[in-house]
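Below is one structure. I have some questions about it.
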Amino acid sequence: MRIFGNLLWCIFGGGVIAILWGLVGVICCCTIVGIPMGLQCFKFAGFIIWPFGRNIYYSNNAVDFLWNILWIVFFGWELAVFAFFISLIWCVTIVGIPFGTQCFKFARLALMPFGAQII
């Protein structure tokens with residue numbers, strides 16, 4: 001069931017969100033300071049393509065908190081708003097609720113990517 005859900009997700013919306021994360025990663029890697037942000041974007045773009053069966057765990061760290069604040073100011077809020085609206089669209093239908101919950105997870109990830117681990 002996980003493989004079927006991931007294939008449907010990749011076709012019906014996951015690809016667009018992953019492309020946005022990859023694009024933001026390329027933009028961030030254009031500067032030396034943004035390379036850690038770009039690497040996080042590439043890591044999470046791979047997660048967004050194939051999300052079912054994997055979870056995100058967050059850690060508390062002061063350095064990660066500072067990176068997250070910098071991230072939210074420049075790129076995080078745009079990705080979070082986009083994922084939030086996509087999740088609302090998915091949750092309108094009963095069949096789309098699992099996809100909507102994945103998008104809510106991505107909206108939270110877009111606000112706090114540093115200190116997040118994919119397991």
Side-chain angles (χ1 to χ4, degrees):
M1 190 64 181
R2 241 184 332 191
I3 293 173
F4 183 67
N6 282 325
L7 287 175
L8 285 176
W9 169 254
C10 192
I11 293 169
F12 294 115
V16 175
I17 298 173
I19 288 170
L20 286 176
W21 276 86
L23 181 65
V24 169
V26 169
I27 292 169
C28 286
C29 285
C30 289
T31 65
I32 293 173
V33 177
I35 289 175
M37 290 184 203
L39 295 176
Q40 285 291 95
C41 288
F42 294 138
K43 180 173 76 171
F44 292 134
F47 169 66
I48 289 171
I49 283 288
W50 210 254
F52 290 99
R54 299 193 287 178
N55 290 322
I56 303 170
Y57 294 101
Y58 295 95
S59 64
N60 295 327
N61 188 348
V63 175
D64 292 336
F65 176 75
L66 294 175
W67 275 109
N68 282 330
I69 295 297
L70 187 65
W71 170 258
I72 289 170
V73 169
F74 290 108
F75 297 109
W77 68 272
E78 295 98 343
L79 291 171
V81 167
F82 182 76
F84 180 75
F85 283 123
I86 294 293
S87 64
L88 290 179
I89 292 169
W90 273 112
C91 287
V92 169
T93 64
I94 293 173
V95 176
I97 290 175
F99 298 121
T101 57
Q102 291 296 324
C103 282
F104 281 125
K105 185 168 45 172
F106 301 144
R108 181 176 178 201
L109 180 65
L111 291 176
M112 298 180 300
F114 292 95
Q117 294 179 346
I118 301 169
I119 297 177

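Model, not experiment: these values are computed from the prediction.
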- [ ] Report the residues that fulfil side chain to side chain contact (heavy atoms under 4.5 Å, CB included) with Arg2, sequence neighbours left out, ordered by chain and then residue number.
- [x]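 Per chain and number, Arg2 pairs via side chain to side chain contact (heavy atoms under 4.5 Å, CB included) with Phe52.
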Donor-acceptor pairs under 3.5 Å, side chain of residues 76-88 to any protein atom, not counting sequence neighbours: which ones?
from	atom 1	to	atom 2	distance (Å)
Ser87	OG	Ala83	O	3.3
Ser87	OG	Phe84	O	2.5

Task: Verify same cluster id: Leu7, Ile19 (apolar side-chain graph, 4.5 Å) - done: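 Hydrophobic grouping puts Leu7 apart from Ile19.
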Open item on the list: How long is the straight-line distance from CG of Leu111 back to CD1 of Ile72, given to the nearest 0.5 Å?
Closed with: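 Answer for the CD1-CG pair, Ile72 versus Leu111, is 5.0 Å.
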Task: Within residues 99-118 or reaching into it, pairs that qualify as side chain to side chain donor-acceptor pair (under 3.5 Å) - sequence neighbours excluded - done: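 Listed by first then second residue: Gln102-Lys105.
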Open item on the list: Working note: Leu8 + Phe99, criterion side chain to side chain contact (heavy atoms under 4.5 Å, CB included); need CA distance, chi angles, decisive distance, verdict.
Closed with: CA-CA 9 Å; Leu8 285 176; Phe99 298 121; 3.7 Å; yes
Anything under 3.5 Å between a donor and an acceptor, one on a side chain of residues 89-97, the other on a protein residue two or more places apart or in another chain? List them.
from	atom 1	to	atom 2	distance (Å)
Thr93	OG1	Trp90	O	3.3
Thr93	OG1	Gly96	N	3.1

TODO: Working to the nearest 0.5 Å, report the span between CZ of Phe114 and CH2 of Trp71.
DONE: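 It comes to 6.5 Å.
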Open item on the list: Starting from Leu66, can I reach Val73 by hopping between I/L/V/M/F/W/Y residues whose side chains sit under 4.5 Å apart?
Closed with: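 No, Val73 does not connect to Leu66 through the hydrophobic network.
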Open item on the list: Could you check whether atom CG of Asn60 has more than 12 heavy atoms from other residues, nucleotides or ligands sitting under 6.0 Å from it?
Closed with: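 Counting other residues, nucleotides and ligands, CG of Asn60 stays at 12 neighbours or fewer.
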Task: Closest non-hydrogen atom pair, Ala116 against Ile56 - done: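 In terms of heavy atoms, the two residues are closest at CB-CG2, 3.8 Å.
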Open item on the list: Per the side chain to side chain donor-acceptor pair (under 3.5 Å) rule, what does the pair list look like for residues 9-38, sequence neighbours excluded?
Closed with: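 Qualifying pairs, neighbours excluded: none.
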Hey, can you pull the donor-acceptor pairs under 3.5 Å for the side chains in residues 32-50, sequence neighbours left out?
from	atom 1	to	atom 2	distance (Å)
Gln40	OE1	Lys43	NZ	3.2
Gln40	NE2	Pro113	O	2.8

Open item on the list: Hydrophobic clustering (ILVMFWY, side-chain heavy atoms < 4.5 Å, transitive) - are Leu70 and Val26 grouped together?
Closed with: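 As far as the 4.5 Å side-chain criterion goes, Leu70 and Val26 are not connected within one cluster.
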- [ ] Find out whether Ile27 and Phe75 are in side-chain contact, i.e. whether some heavy atom of one side chain is under 4.5 Å from a heavy atom of the other.
- [x]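 Yes, their side chains come closer than 4.5 Å.
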TODO: Any chance you could measure Ile69, atom CD1, to Phe74, atom CZ, to the nearest 0.5 Å?
DONE: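 It comes to 12.0 Å.
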